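Heads up: the structure comes next, in structure tokens.
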Amino acid sequence: MHKVIYSSKDTVIENITDFDLGSTLECGQCFRWDKNDDNDYTGIVSGRAARVIQQEGRLVFKNTTPDEVNSFWYQYFDLGTDYGRIKEILSKDDPIMTDAVLFAPGIRILRQPLFETLVSFIVSANNSIPNIKRVISALSRMWGEEFRYDGKTYFAFPGAKALAEGEICDLQLTKAGYRCDYIKRTAGMFFENPLTANDLKAMDYHEAKELLRRFPGVGAKVADCTILFSGSHFRAFPVDVWIKKVMEQLYLKEETPLQKISDKAYDLFGNMAGYAQQYLFHYARMNRI
DNA sequence: CTGCAGGCCGGCG
DNA sequence: CGCCGGCCTGCA
């Protein structure tokens, strides 16, 4: 069980296992965390920010109350889930996965706000990570609420209304290119019919995916990323070029179309396919497959 | 200068 | 229907 300690404005969670802050924040599931000079990270989620540092089994939230850690960040980092058990189940009778989990034993799937995740992955399509971060930062600076934390100013990710009504396509301020139109239209639809991760959870996985795909700029991969990285369904298995290569090379042994890779992933990993995707993705990048 | 980055859309066969 | 070329932008 985790022990939460509060001292001199910091909140510390002790006895954390199967968790690595760096690989969790740098595996490409989130775009608003930056590494500082020290080993700490500063991140913005919705309208709040945190500076976090990991010291082995301790996770320190700088200038943050235990109340905020308990009510928000604990869930966000998915600290209530037993990843040791997940890795054990995935590794059983699977030598490939046994190897893969060792490359990123502390990775976790964040539970991120739905609208922010949806827009972020629309931006991610055919884009590079530095560019994605720039665009999201610009959207927030232009149309997000300003707030302060730890003596600095930050900008919340904008709400659907702000993006739907903002002149986000006319000016070249966000550098989102042709994705501007997708963002604006998606924001408009989202504002008309708001949706939460809990709504998606209440549906069947396929139903949730189909629903998300109705938003412009959302195809199979973006829909799966949104479902997985908002913590809605953990069988979502986003297939990008890396995952395609690693699945073909290690499991399927032949060229396979994208949709079929998704199906095979469910056959192999079932409701834990999403976790498997994270380990395999990390493995592929580390080994430059 | 060309190619490409964690895809999606639309038009064509 | 499934396939495939084009695409904002920044960077190597």
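Computed from heavy atoms alone, side chains included, the values below leave out hydrogens, waters and symmetry copies. Everything numeric in this text was worked out from a predicted model, so none of it was measured.
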Counter-base of B/dG6, judged by Watson-Crick or G-U geometry with both distances under 3.5 Å: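 No nucleotide pairs with B/dG6.
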Residue matched to C/dC8 through Watson-Crick or wobble contacts both under 3.5 angstrom: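 In the structure as shown, C/dC8 has no Watson-Crick or wobble partner.
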What class does the angle between the rings of [X] and [Y] fall in, given that below 30° is parallel, 30 to 60° is tilted and above 60° is perpendicular?
{"X": "A/F77", "Y": "A/W33", "value": "tilted"}
{"X": "A/F115", "Y": "A/F190", "value": "tilted"}
{"X": "A/F72", "Y": "A/Y76", "value": "parallel"}

Rounded to the Å, how far apart are [X] [atom1] and [N] [atom2]?
{"X": "A/I168", "N": "C/dT9", "atom1": "CD1", "atom2": "P", "result": "14 Å"}
{"X": "A/N131", "N": "C/dA12", "atom1": "CG", "atom2": "P", "result": "12 Å"}
{"X": "A/Q172", "N": "C/dC8", "atom1": "CD", "atom2": "C1'", "result": "8 Å"}
{"X": "A/I132", "N": "B/dC4", "atom1": "CD1", "atom2": "P", "result": "18 Å"}
{"X": "A/L118", "N": "B/dG7", "atom1": "CG", "atom2": "C1'", "result": "14 Å"}
{"X": "A/Y178", "N": "C/dG10", "atom1": "OH", "atom2": "C1'", "result": "13 Å"}
{"X": "A/M286", "N": "B/dG6", "atom1": "CE", "atom2": "P", "result": "17 Å"}
{"X": "A/D181", "N": "B/dG7", "atom1": "CG", "atom2": "C1'", "result": "16 Å"}

Positive for side-chain hydrogen bond (donor to acceptor under 3.5 Å, both in side chains) with A/E14, one of A/Q55, A/H2, A/R58: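 When A/Q55, A/H2, A/R58 are each tested with A/E14, the side-chain hydrogen bond (donor to acceptor under 3.5 Å, both in side chains) holds only for A/R58.
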A/K201 atom NZ, neighbour heavy-atom count above 12 within 6.0 Å: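 Counting neighbours around NZ of A/K201, more than 12 heavy atoms of other residues, nucleotides or ligands fall under 6.0 Å, so yes.
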Evaluation steps, side chain to side chain contact (heavy atoms under 4.5 Å, CB included), between A/M203 and A/L200: CA-CA 5 Å; A/M203 306 174 197; A/L200 297 184; 4.3 Å; yes
Spacing of the P atoms in C/dC3 and B/dG6 (rounded, Å):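 Rounded to whole Å, the distance is 24 Å.
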Distance between C1' atoms of B/dC8 and C/dC11 (Å, rounded):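 Comparing C1' positions in B/dC8 and C/dC11 gives a spacing of 22 Å.
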Options C/dC8, C/dT9, B/dG6, nucleotide nearest the side-chain atoms of A/K175: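 Given the options C/dC8, C/dT9, B/dG6, the side chain of A/K175 is closest to C/dT9.
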Nearest-nucleotide pick for A/N126, side chain only, options being B/dG6, C/dC8, C/dT9: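 In terms of side-chain proximity for A/N126, the closest of B/dG6, C/dC8, C/dT9 is C/dC8.
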A/R134 vs C/dC11: side-chain N/O to OP1/OP2 distance below 4.0 Å: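 It does, given that an N or O in the side chain of A/R134 lies less than 4.0 Å from OP1 or OP2 of C/dC11.
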Distance below 4.0 Å between A/Q277 side-chain N/O and B/dG6 OP1 or OP2: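 Result: no.
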Test item: A/R111 side-chain N/O and A/S232 main-chain N/O as donor-acceptor pair under 3.5 Å: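 Such a contact is absent between A/R111 side chain and A/S232 backbone.
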Lys/Arg cation over aromatic A/F215: A/R185, 6.0 Å, 45° cone: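 That pair does not qualify as a cation-pi contact.
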A/Y41 six-ring centre to A/R51 NZ/CZ under 6.0 Å and within 45° of normal: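 The answer is no, since A/R51 fails at least one limit relative to A/Y41.
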DNA chain B-proximal residues of residues 22-33 of chain A, any heavy atom under 4.0 Å: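 When residues 22-33 of chain A is checked for heavy atoms under 4.0 Å from DNA chain B, the hits, listed by number, are A/C27, A/G28.
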Close residues, residues 239-264 of chain A, relative to DNA chain B [heavy-atom separation under 4.0 Å]: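 Nucleic-acid contacts, sorted: A/D240, A/V241, A/W242.
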A/K92 vs A/M97, side chain to side chain contact (heavy atoms under 4.5 Å, CB included): CA-CA, chis, key distance, verdict: CA-CA 8 Å; A/K92 188 169 161 50; A/M97 192 57 66; over 6 Å; no
Per-nucleotide protein contact string for nucleotides 8-13 of chain B (B base, S sugar-phosphate only, - none; heavy atom under 4.0 Å): SS----
Touch class at under 4.0 angstrom, heavy-atom based, for A/I129 against every strand present: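 Base: the residue A/I129, judged by heavy atoms under 4.0 Å, touches a nucleobase.
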A/T174 versus A/C180, closest heavy-atom pair with distance: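 Taking A/T174 first and A/C180 second, the nearest heavy atoms are OG1-SG, 3.5 Å.
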Stepwise side chain to side chain contact (heavy atoms under 4.5 Å, CB included) test for A/I13 and A/V60: CA-CA 7 Å; A/I13 305 178; A/V60 183; over 6 Å; no
